[in-house]
Trainee: 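Before I ask anything, let me first share the structure, which is written out below as structure tokens.
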Amino acid sequence: MTNGERRTLMLDFLGYLKRTHMCGELRASDAGSKVVLMGWVNKRRDLGNLIFLDLRDRTGITQVVVTADSGAAHDKAADVRSEFVLAVIGHVKLRDQGTVNKNIATGEIEVVADAVRLLNDCKPLPFTPADTVLANEEVRLKHRYVDLRRPEMQRNIQLRHKVSIAIREFLNSQGFYEIETPFMTRSTPEGARDYLVPSRVYPGEFYALPQSPQIFKQILMISGFDKYFQIVRCFRDEDLRADRQPEFTQIDLEISFARPEMVFHVVEGFLKAAFSTIGVDLHTPFPQMSYDQAIRLYGIDKPDLRIPCMADVREAFAPANLETLHVDAELPIVAIVIPKVGDLSRKDRDEIKTMFGDRKDAKVFEDIKRLEKSFPEAAAKIRELAKPNAEDLLVVVAGNVLATAANAVTDPAHQTAVRQCQRAYEIYAAAGQLRLALAQKYAERHGAFKHGNFRFLWVTDFPMFEWDEAEGRWNAAHHPFTSPHEHDMDKLESDPGAVRALAYDVVLNGTELGSGSIRIHRQDIQAKIFKALGMSPEEQQARFGFFLEALQYGTPPHGGIALGLDRIVMILAGAESLREVIPFPKTAKAVDLMVDAPTPVSARQLKELGIAVVGKKDL
RNA sequence: GGGGUCGUAGUUCAGUUGGUUAGAACGCUGCCCUGUCACGGCAGAGGCCGCGGGUUCGAGUCCCGUCGACCCCGCCA
């Protein structure tokens, strides 16, 4: 018999047999009882006249012993291989002293088989759930049903279930209604690319899968449902990342007569409930920080609070120092502190330069001791401002003096200001990136990234508009229905860049978990925003006509938020990728390797939809 | 769209400066084994070295292209 071939086995029927226990349940106190277990063969250890089978289901593993005197049972057990599906009828026996297995919960007992039923066999697998080394992800995804049997995946999916249930229960207790919104809806040309669904009835016309139920949930507020939530799939046709899938699940909610604090309170409540499912007691309320602060202190709008913030050390340098160092005096100078890194070799310090990259606009001083030699006073002042401990790594990031030509400004005045802001922002961002890269590299040393350290944060007061360099106009930073700050209304026309939005993000350990805002409920303000965005009344009508009409029929003030369920579960599970907490994820090229999707469809299907596909080369 | 890492047996990997018949472990098949739990012992099967082209007397190894997996940038209102 060659590899892969097996003698034909006689399989048994389940018949009237009923399972009495799960495989992870039995304990010493069950000794003596008659039991029926069902599950998969995790491992077989065949000692000849004595065969051990580890039977596995979602609750755990029980060792089954089959002795030669059990006759038929022993013959069957001899034929059994990995991942066969069995029913074992037997009795629970306390294990002898020396044979207890402390590694499994059921290790004090074993089930002595009286009879074995072969419910199904299993072809030799590319990998098994019992393997100690993990197979390649490509192989895992192709045979996802096997991969999902692995205890770790079972745990992750169970965790996901628990988190969903905890959130549902909490929101229900707070008076939220769970209301479904359509998956087949209208394409909104702004934002991410839509996944389109062709209409058969109207050839050439398309539905779009929702990027979020945004407009529907706002309409539900107009409809008087007061508090809505939904744990809902959303779709975005953009390139993937470890933390981005084309279809993902959001915890979406909206509240009528809402102020931001009310939204914060609800989110803190359900996150507390979700985290308590794994025994983590979250401290609420979460700290808050303005967007502006986040940029200046962390160089990013989703600060990771597990490591110290950056420090502004601009004042440490005398004008003469800056000139010598070719540092732009107009731009910020920031110090990064990474705790407990200890002494670095010359090679490690050079590595920092590589990590920072070759930039025109910014430079890094990675060797503070060298800076100390030439500029002792500045270095002393930097230490005073950044407050590193003796073992901490301290590096400084500053702006480069640019050639005058590159810095020439012919734009109107407000654009000059924008440009200056932009350059400062780039310094902060560059420093922020280096801070994270260093923190990642020296994670072992500072220990702040160990699983279980959950640092939440609200980031508030996002800018209302972003300047679009390519288009030469302002864009909505969040979406065009986000309400501006009441105090900033008067700047809508005079200084759009300074208008703050009533928008907020909830951030955990440097990952954006969710984003929300108080929405515009008044027609007059909505008109001003569209005007600031340079959108003509015709364009407004074409894009959002139905919604603008709805807004006019008694819209209450309202606001809400949406959080990524996948990301929450990923962080709770301590996983590196969303794919570890999504049962059937897609690859980086948006392919489902198990079902092999997407695929071409038949000419007949296309004809019915009025669709012609142009050759790939023509695209 | 751009940059990077990787691709060798079913799986995880090794493979020297380009040089005989491409190795190991696990898995698989057969035999032996009554206390294993990463069971053990003996024997065996299993390879288009991702694919295509090039350089060379000779390519798993060097070069070019291509496909696939992963990570990052762009993108994600």
Trainee: Determine the Euclidean distance between corresponding C1' atoms of B:rG7 and B:rG47; express it in Å to zero decimal places.
Mentor: 15 Å
Trainee: Within the structure shown, what part of the strands sits under 4.0 Å from A:Q63 by heavy-atom distance: base, sugar-phosphate, or nothing?
Mentor: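 If one applies the 4.0 Å heavy-atom cut-off, A:Q63 turns out to touch a base.
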Trainee: Stacking between A:F52 and B:rU36, defined as ring centres under 5.5 angstrom apart with planes under 30°, is that present or not?
Mentor: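 Yes, the aromatic ring of A:F52 stacks with the base.
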Trainee: Under 4.0 Å between a side-chain N or O of A:N49 and OP1 or OP2 of B:rU34?
Mentor: yes
Trainee: Is A:R579 near enough to B:rC71 that one of its side-chain N or O atoms lies under 4.0 angstrom from OP1 or OP2?
Mentor: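 So the side chain of A:R579 is within the cut-off, an N or O lying under 4.0 Å from OP1 or OP2 of B:rC71.
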Trainee: Just call it for A:R244: base, sugar-phosphate, or nothing, with non-hydrogen atoms closer than 4.0 Å on any strand.
Mentor: base
Trainee: Scan A:I51 against the nucleic acid and name what it touches under 4.0 Å (heavy atoms): base, sugar-phosphate only, or nothing.
Mentor: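 A:I51: no heavy atom of the nucleic acid under 4.0 Å.
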Trainee: Which part of the nucleic acid, if any, lies within contact of A:E512, taking any heavy atom under 4.0 Å across all strands shown: a base, the sugar-phosphate backbone alone, or nothing?
Mentor: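 Contact class for A:E512: none.
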Trainee: Any side-chain donor paired with an acceptor under 3.5 Å for A:N509 and A:T511?
Mentor: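 Looking only at side-chain atoms, A:T511 and A:N509 do not form any donor-acceptor pair under 3.5 Å.
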Trainee: Rounding to an integer number of Å, can you tell me how far A:L125 CG sits from B:rU12 P?
Mentor: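 Interatomic distance, CG of A:L125 to P of B:rU12: 14 Å.
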Trainee: So does A:R140 get a side-chain nitrogen or oxygen closer than 4.0 Å to the phosphate oxygens (OP1/OP2) of B:rU11?
Mentor: no
Trainee: Name the nucleic acid region contacted by A:N136, choosing base, sugar-phosphate or nothing; use a 4.0 angstrom heavy-atom cut-off, strictly under.
Mentor: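 Counting heavy atoms under 4.0 Å across all strands, the contact made by A:N136 is with sugar-phosphate only.
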Trainee: Does A:K589 make a side-chain N or O approach to OP1 or OP2 of B:rG68 shorter than 4.0 Å?
Mentor: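 The answer is yes; a side-chain N or O of A:K589 sits under 4.0 Å from OP1 or OP2.
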Trainee: What nucleic acid atoms does A:T99 come within less than 4.0 Å of, heavy atoms only: base, sugar-phosphate, or nothing?
Mentor: base
Trainee: Checking side-chain polar atoms at under 3.5 Å, does A:Q154 have a donor or acceptor matched by the opposite partner on A:R56?
Mentor: no
Trainee: Taking only side-chain nitrogens and oxygens of A:R45, does any of them come within less than 4.0 Å of OP1 or OP2 of B:rC39?
Mentor: yes
Trainee: Any ion pair linking A:R140 and A:D147 (charged N to carboxylate O, less than 4.0 Å)?
Mentor: yes
